[in-house]
Amino acid sequence: MAELPDLTVFARTLSHRFEGKLLKSMEIIVDKKLNVSGTELKKAVENKKLTGVDRVGKTLQFHFGNSGMLGLHLMLRGELKEIKADQELPKHTIAAFHFTGAEGFAIVDLLKQATLTLNPKENVVPDALLISEKELGVLLSKRSKKVKEVLMDQKAISGIGNSYADEILWDARISPLSVAREIPEKVVKQLHVSMKKVLKEAISKIGAENKNELMGELRDFMNIHGAHIKKSPTGYPIKSEKINGRTAYFTTEQKKYG
DNA sequence: GAATATGTTTAAAT
DNA sequence: CATTTAAACATATT
């Protein structure tokens, strides 16, 4: 999977490597997750110049000037891999982009769930990196769900997935089981700080590690989230519990509200 | 060989 | 009707 920090780095790397280049051809291997036909998609992007790559929520957006924009969601297991024209495509490739200069990248997903969306609807949900403390407070005050569910709700805040939700909540010392609307104002302030801090630190670590290569997600630096981690950095044993079918990792350092 | 990991959509159950 | 839960997706890794 890739969450906000990984995608931010991917967008930067892709811009650096391919921006301004002409997309000579696009191969579509799996077409069941497209919003238009393969032919239509190819027609929209082939022989167009890639003018920019952005991250929006958990998606990447590939801009082709006035010709349109292509949204990519990697879903659970999607990955991006660099390719050369004369090489065989990686296993489980869904689509491949070939630019001038015999270079390009492939979207690989063993689950075949990554989605490519031509000219997607504009995202109106606040981004986790941009949301203000006030917005976050208002959002939480309206929800009776568990705070972790709200953080991961892409219709509420975009960009946070299962692993970073755990990391952020540990950093803020808030139990993932807390009821969102019961979290006091002062603690919301801390949550807001932790959210930006954890995400920005992850971006900087992944960026430093990946340099200008498109690598899979890197999560060695996780403090809490991961079945192999036994203790928090402060020495507390890590507990786990399923929230909405996904595993939440946390410790007793984290206060439960409500 | 069973459990786990992972996001989203959709269906089913409460 | 609202809310919660589960299934589906496909496969590699532990």
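Lettering follows sequence order; numbering is per chain, from 1.
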Separation of A/H228 atom NE2 from B/dA5 atom P, in whole Å?
11 Å
Can you classify the ring geometry of A/F99 versus A/F18 as parallel (below 30°), tilted (30 to 60°) or perpendicular (above 60°)?
parallel
Indicate, with a heavy-atom threshold strictly under 4.0 Å, whether A/T247 touches base, sugar-phosphate, or nothing.
sugar-phosphate
Tell me which nucleotide among B/dT9, B/dG7, B/dA5 gets nearest to the side chain of A/N162.
B/dG7
Could you tell me if the side chain of A/T93 sits less than 4.5 Å from the side chain of A/E27, heavy atoms only?
no
Gap in Å between the two P atoms, one belonging to C/dA6 and one to B/dT4, rounded
14 Å
Roughly how many Å apart are C/dA7 and B/dA3, using the P atom of each and rounding to a whole number?
14 Å
Would you check if the side chain of A/H92 reaches a backbone N or O of A/L110 as a donor-acceptor pair within less than 3.5 Å?
no
Does A/H225 make a side-chain N or O approach to OP1 or OP2 of B/dT6 shorter than 4.0 Å?
yes
A/L110 side-chain proximity, nearest of B/dG7, C/dA12, C/dT5
C/dA12
Both A/K145 and A/K91 contact DNA chain C. Which one's nearest nucleotide lies toward the 5' end?
A/K145
From B/dG7, C/dA10, B/dA5, nucleotide with atom closest to A/L111 side chain
C/dA10
Taking atom P of C/dA12 as reference, at what distance in whole Å does atom NZ of A/K112 sit?
10 Å
Ignoring backbone atoms, establish whether A/K33 has a side-chain N or O less than 4.0 Å from OP1 or OP2 of C/dC9.
no
C1' atoms of C/dT14 and B/dT6, separation to the nearest Å
15 Å
Against the side chain of A/L76, the closest entry in C/dA10, B/dT6, B/dT9 is B/dT6
Is any side-chain N or O of A/Y249 closer than 4.0 Å to OP1 or OP2 of B/dA5?
yes
Check if the side chain of A/Q113 and the base of B/dG7 share a donor-acceptor pair of N or O atoms closer than 3.5 Å.
yes
Whole-Å distance separating the CD atom of A/E149 from the P atom of C/dT4:
7 Å
Please determine, for the side chain of A/R246, which listed nucleotide (C/dT5, C/dA12, B/dT8) has the closest atom?
B/dT8
Here the distance between atom P of B/dT9 and atom CE of A/M152, to the nearest Å, is 13 Å
Would A/L70 and A/K48 satisfy side chain to side chain contact (heavy atoms under 4.5 Å, CB included), going step by step from the backbone distance to the final call?
CA-CA 12 Å; A/L70 183 59; A/K48 302 281 160 42; over 6 Å; no
Rounded distance in Å - CD1 (A/I29) to C1' (C/dA10):
17 Å
Quick check on B/dT8: is either OP1 or OP2 less than 4.0 Å from any side-chain nitrogen or oxygen of A/H73?
yes
Go through B/dT9, C/dA12, C/dA10 for me and flag the one nearest to the A/K32 side chain.
C/dA10
Do A/S194 and A/Q190 get their side chains close enough for a donor-acceptor pair, meaning under 3.5 Å?
yes
So that I know where these two stand, are A/F105 and A/F62 an aromatic pair - ring centroids less than 6.0 Å apart?
yes
To the nearest angstrom, the CD1-P distance between A/I243 and B/dT8 comes to 17 Å
Specify the separation, in whole Å, of atom CG of A/D109 and atom P of B/dG7.
13 Å
Rounded to whole Å, the CE-C1' distance (A/M75 to B/dT10) equals 12 Å
